[in-house]
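Here's the structure we're looking at; comments come further down.
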Amino acid sequence: MQGETYFSVRMRASQNGSHENGGKHISGGERLASFNGLKDAVNALLDKGLSHSRGKPDFMQVQFERVDEPIRPLQPLQIETNEVCTAEDGRVLAAALLSKAGVPAQSIDKVFQEIDQYSDVRGAVLFDIDSGKRIDGREEKGVRVSRLDWPEADFAQWAASHGAPLNSRIKEALAIATKVCRHPAVIAELCWSDDPDYITGYVAGQKLGYQRITKMKEYGDESGCRVFFVDGLTDLKTCIDDLEKKPVLIQAGGKRWGDH
Ligand code: PML
Ligand code: MG
């Protein structure tokens, strides 16, 4: 993506004070926008943070900054939806899919044992399958995948042609999974929402695609997770930097972003 200047726009909202002062995480969001699109992006993120099932925020930060690196266009991962009846079935299926993606059984078991601790992490946990340990060292902050977006018109076309709901949650989650699974050190991602009214989660991998699982927890439960399984990581700082800062735009159709 060349020519126009783009900006990374980020929002985070919490309750009972800011995140760093122990507030409860309510919502976060990321966009990439041209200068003319900044107002819409900021307004969309403001709306997202203000109308959330996790509660009303009393702290919000919305910031934007110019992106100097070229933006990489990526095709979204293939999507599939797996219907399950119970959260237990969902987690068993998630474990099988992680195994199919190449995550060893010991790492899968360890992550599911530690999953309650991971629900306090605002971003993602980086779990190394060699050492069988969490390695990001970011405590409650975790790794915040940023600088990514999927333009609405392209997403709408993609959703119509894949029979997928026109839902910004899917758009955002599939964009994250696509960016993260493209990283050479990432084997797979496991995620489900921390929102009490949303129980679908997914396992994703570059070959596996984006495998939605319709029930990963019970309604009312506010614990979610996002875990990136990594292998052969030689430089942790660069990997975190890539996930957080390398700009990516999801583009399912042939049209260049910015074309009209
Ligand atoms: C989230 O809401 O934070 C994650 C949502 C994951 C599942 C999205 C989907 O339905 O595919
Ligand atoms: Mg959430």
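Residue indices begin at 1 and follow the sequence shown. Note that ligands are numbered from 1 as they come in the structure, with each ligand's atoms numbered from 1 the same way. These numbers were taken from a predicted model, which means no experiment stands behind them.
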message: Are any of the N/O atoms on R169, whether in the backbone or the side chain, positioned under 3.5 angstrom from an N/O atom of ligand 1?
response: yes
Show which atoms of ligand 1 fall inside a sub-4.0 Å distance from at least one heavy-atom site of [X].
X: Y202; result: 6 (C), 7 (C)
X: Y210; result: 7 (C), 8 (C), 9 (C), 11 (O)
X: I170; result: 9 (C), 10 (O), 11 (O)

field: Any donor-acceptor pair under 3.5 Å from S99 side chain to A95 backbone
entry: no
message: Can you tell me how far apart CZ (R91) and CG (L190) are? Round to the nearest 0.5 Å.
response: 9.0 Å
- request: Going by heavy-atom distance to atom 4 (C) of ligand 1, choose the closest among S27, C191, G201.
  value: C191
Quick one: nearest non-hydrogen protein atom to [atom], plus distance?
atom: atom 10 (O) of ligand 1; answer: Y198 OH, 2.4 Å
atom: atom 3 (O) of ligand 1; answer: S193 OG, 3.8 Å
atom: atom 7 (C) of ligand 1; answer: T200 O, 3.5 Å

field: Aromatic Y198 / basic R169 pairing, under 6.0 angstrom, 45° off normal
entry: yes
- prompt: Is any protein N, O or S atom closer than 2.8 Å to the Mg ion (ligand 2), and if so, which?
  reply: D194 OD1, D195 OD1
task: Dump the intermediate steps for salt bridge (Lys or Arg N to Asp or Glu O under 4.0 Å) on D128 and K133, then the final yes or no.
output: CA-CA 6 Å; D128 175 36; K133 286 190 180 129; over 6 Å; no
task: Look at the side-chain heavy atoms of Ile, Leu, Val, Met, Phe, Trp and Tyr, link any pair under 4.5 Å apart, and say whether M11 and V42 land in one connected group.
output: yes
Taking only distance into account, with no hydrogens and no angle test, what donor-acceptor pairs under 3.5 Å do side-chain atoms of residues 220-227 form with protein atoms, sequence neighbours excluded?
residue : atom : partner : partner atom : Å
D221    : OD1  : S223    : N            : 2.8
D221    : OD1  : S223    : OG           : 2.5
E222    : OE1  : K24     : NZ           : 2.8
R226    : NE   : E189    : OE2          : 2.8
R226    : NH2  : Y202    : OH           : 3.0

R147, R12, R144, R10 screened by side chain to side chain donor-acceptor pair (under 3.5 Å) with E30, the one that passes: R144
task: Output the rest of the hydrophobic cluster of I199: all Ile, Leu, Val, Met, Phe, Trp and Tyr residues reachable through side-chain heavy-atom contacts under 4.5 Å, sorted by chain and number.
output: Y219
Quick one: side chains of residues 230-239, donor-acceptor pairs under 3.5 Å with protein atoms, not counting sequence neighbours, listed by atom name and distance.
residue : atom : partner : partner atom : Å
D235    : OD1  : K237    : N            : 3.3
D235    : OD1  : T238    : N            : 3.2
D235    : OD1  : T238    : OG1          : 3.3
D235    : OD2  : T238    : OG1          : 2.4

- request: For the pair R122 and E20, evaluate salt bridge (Lys or Arg N to Asp or Glu O under 4.0 Å) and give the outcome as yes or no after the intermediate values.
  value: CA-CA 11 Å; R122 300 192 297 278; E20 44 279 40; 5.2 Å; no
